Protein chains: 2
Amino acid sequence: MSPKSVHAPAAMSVAVSAVIFAMRPDEGGRMHLWLPLVRRTREPFGGRWALPGGWVGADESLSDAAGRTLHETTALRPRYLEQLYTFGRPDRSPPGCDDGRVVSVVYTALVRGDEAEQAEEGENVRWFRTDALPDLAFDHSEIVEYALWRLRNKIEYAHVAFFFLGERFSLRQLREVYEVILERTLDPANFRRRVEATGTIVPTTERLTGGRHRPPRLYRTEFTLDLRATGPSA
Amino acid sequence: MSPKSVHAPAAMSVAVSAVIFAMRPDEGGRMHLWLPLVRRTREPFGGRWALPGGWVGADESLSDAAGRTLHETTALRPRYLEQLYTFGRPDRSPPGCDDGRVVSVVYTALVRGDEAEQAEEGENVRWFRTDALPDLAFDHSEIVEYALWRLRNKIEYAHVAFFFLGERFSLRQLREVYEVILERTLDPANFRRRVEATGTIVPTTERLTGGRHRPPRLYRTEFTLDLRATGPSA
DNA sequence: TAAATAGTGTCTTTAAGACACTATGGA
DNA sequence: TCCATAGTGTCTTAAAGACACTATTTA
């Protein structure tokens, strides 16, 4: 038997959240993926960590709302912001929750490591390594898992790695982004050939000095994300 | 200057729509991609064709709502239903529209050709070839374009072609699905090798008789879509 | 036996991976 | 001069494509 048809919209709130990824070294200098979480100050899940987010304004697009709310909590302004998935199970919030039913449109954002440094951190905002996350509020653990899965797939066929890096980068830095996300090492020689063949990077005359070894050439990319390629401009 | 922060949810309605694809021959026997549209009986866009859809019930998941509303209008029960994208620009509905602001979670569904035959058709529900669509209501033309783009990409790496076919199928039928979606011909020999190598199809002892030529072997697949691979169970 | 499609074999091209080797700046 | 990493060359393997060829059923 089918459920009854619905002739009028039900009462529902629309929220946005963001999974914000950054590539940063740990204390030992090893690179990892990190994301910022905010501590909930209210029930439900008071005290638990959650993805940054908030309500969508009446005259605001979903992506604008995602950009605004993540800026309000983390002070970040990512260059990359893409819709990930919309979560709307009726039981997402525990029973007796004030907010009623909430549909969350979740975005993935990518920021550079140096941007992440500048991001405000405090008692209620903190960066976590993706391989050492606490149990999150709501279904946010599941959401992060899915965002990681999508990022790993996406990096294989889309030019998203550049969003983790600055204007100029060495091939080692680029390779490190791939290695951390794919969780395996890549042959430097083969990686170089592959990425050079795609034609998405351009060598500059600059070199990266400071290491105690031969300084690598720096590259740049004119590549700017075509949003039509990843999702409509919505 | 940033927009003001939003401390309470705004009034918004959540709707679902479905882009339902089927593979069917035209009068001349040539295969094409088709989708069912419904004629709007109310303003805005009264008389224009639109994607089937409706409101999300208060205690209904988004995918359940998508399945229910598309069944109500087309009588179809697709085996494949996947979230495509969520559209929420504030100006999606023309000004002065009764429904207020609407956020639409759009799903893609795949059905077999013989199922499509059974689907009710009438004055207000009709199948259209994807290469000969009228101007649709709202932003639905843009949505269909994006769904087509995603389908073309998806068929390259995911096992979605089987959802267009019945329990048993010849390699030619499978190849035809690929050819129609990718809009190019594929070498039969190389296609056979490629699809056999993936191990997703199993030969049966049956053959497809009736043609005036050597009858092809029929294959089947135990493959059932793992929804975790395409999107979380939401 | 002719038409038509099923199905096989094989050569070429291209991309990916393994890995040895040379190059060069800094301590 | 040695160390560490940058960067090159080359061989092997696997996959994709082109295309000739054989096989089998129905009209």
Side-chain angles (χ1 to χ4, degrees), chain A residues 25 28-31 152-153 155-159 161 165-166 168-221, chain B residues 23 25 28-31 152-159 161 165-166 168-221:
Chain A
R30 282 180 61 87
M31 280 295 182
R152 278 192 276 268
N153 281 285
I155 202 172
E156 297 276 22
Y157 67 87
H159 305 144
L165 299 169
R168 302 290 143 98
F169 50 85
S170 69
L171 283 181
R172 162 188 273 269
Q173 291 173 326
L174 184 61
R175 177 164 53 88
E176 225 161 21
V177 170
Y178 278 81
E179 290 183 337
V180 169
I181 290 171
L182 297 178
E183 292 178 314
R184 65 192 175 96
T185 59
L186 299 171
D187 183 288
N190 298 332
F191 180 81
R192 169 183 296 271
R193 227 192 330 269
R194 199 161 61 88
V195 75
E196 277 176 343
T198 66
T200 52
I201 60 166
V202 182
T204 69
T205 55
E206 300 165 61
R207 280 161 192 283
L208 179 63
T209 56
R212 50 160 166 260
H213 52 78
R214 173 175 174 181
R217 182 182 293 279
L218 290 177
Y219 292 77
R220 62 183 174 80
T221 175
Chain B
M23 194 73 59
R30 281 180 62 87
M31 280 295 184
R152 277 192 279 266
N153 282 286
K154 192 125 197 162
I155 203 173
E156 298 275 23
Y157 66 86
H159 304 147
L165 298 169
R168 303 288 144 98
F169 50 86
S170 68
L171 283 181
R172 163 189 272 270
Q173 290 173 327
L174 184 61
R175 178 164 51 89
E176 225 159 21
V177 170
Y178 278 81
E179 290 183 336
V180 168
I181 290 171
L182 297 176
E183 292 178 316
R184 66 192 174 95
T185 59
L186 299 171
D187 183 287
N190 297 332
F191 180 80
R192 169 183 297 270
R193 227 193 329 269
R194 197 160 61 88
V195 74
E196 276 176 344
T198 66
T200 52
I201 60 167
V202 181
T204 69
T205 55
E206 300 164 62
R207 283 162 190 283
L208 179 62
T209 55
R212 51 159 165 264
H213 53 79
R214 174 176 175 180
R217 182 183 294 278
L218 289 177
Y219 292 78
R220 63 184 172 79
T221 175

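Owing to the predicted nature of the structure, the values given are computational and were not obtained by experimental measurement. Below, chain A is the first sequence line, B the second, and so on; all start at residue 1.
- The nucleotide whose nearest atom lies closest to any side-chain atom of B:Arg193 is, among D:dG9, D:dG17, D:dT24, D:dG17.
- Although no hydrogens or angles enter the test, the distance criterion places no donor-acceptor pair under 3.5 Å between the side chain of B:Arg168 and the main chain of B:Leu218.
- Closest of all the heavy-atom pairs between A:Arg217 and A:Pro203 is CD-CB, 3.7 Å.
- Rounding to whole angstrom units, CG of residue A:Leu171 and C1' of C:dA23 are separated by 16 Å.
- Contact between the side-chain N/O atoms of B:Arg217 and the OP1/OP2 oxygens of C:dT8 is not found at any separation under 4.0 Å.
- Distances were taken from every side-chain heavy atom of A:Arg192 (C-beta onward) to each of C:dG7, C:dA23, D:dT8; the shortest belongs to D:dT8.
- Annotation: side chain of B:Leu165 is not in contact with side chain of B:Thr221 (no heavy-atom distance under 4.5 Å).
- One donor-acceptor pair, N or O on each side, does fall under 3.5 Å between the base of C:dA18 and the side chain of A:Asn190.
- For B:Arg214, counting side-chain heavy atoms from C-beta on, the closest listed nucleotide (D:dC19, D:dG7, D:dT24) is D:dT24.
- The CG-C1' distance, from A:Leu218 to D:dA6, rounds to 12 Å in whole Å.
- To the nearest angstrom, P of C:dG26 lies 11 Å from CG of A:Leu208.
- Put simply, CZ on A:Phe191 is 20 Å from P on C:dC19, counting in whole angstrom units.
- Taking the six-membered ring for Trp and thresholds of 30 and 60 degrees, B:Tyr157 and A:Tyr157 have nearly parallel ring planes, at less than 30 degrees apart.
- Looking at B:Arg212, its side chain has no donor and acceptor atom pair within 3.5 Å of the base of C:dA4.
- The side chain of A:Ala189 lies closest to C:dC19, out of C:dG25, C:dC19, C:dG7.
- Ring geometry for A:Phe191 against A:Tyr178 counts as perpendicular: the plane angle is over 60°, on a 0 to 90° scale with 30° as the lower cut.
- Atom CD in A:Glu196 sits about 15 Å away from atom C1' in C:dA15, given to the nearest Å.
- The side chain of A:His213 has C:dG25 as its nearest neighbour among D:dT8, C:dG25, C:dG7.
- Residue B:Arg194 places no side-chain N or O under 4.0 Å from the OP1 or OP2 atom of D:dA14.
- Across D:dG7, C:dG25, C:dT5, the shortest atom-to-atom separation from the side chain of B:Arg172 is found for C:dT5.
- Looking at the side chain of B:Asp187, the nearest of the listed nucleotides C:dA18, D:dA18, D:dT25 is D:dA18.
- When rounded to the nearest whole Å, the span between CZ of B:Arg175 and P of D:dG17 equals 14 Å.
- Rounded to an integer number of Å, the gap from B:Arg184 CZ to D:dA18 P is 9 Å.
- One can place CG of B:Leu186 at 17 Å from P of C:dG7, the figure rounded to the nearest angstrom.
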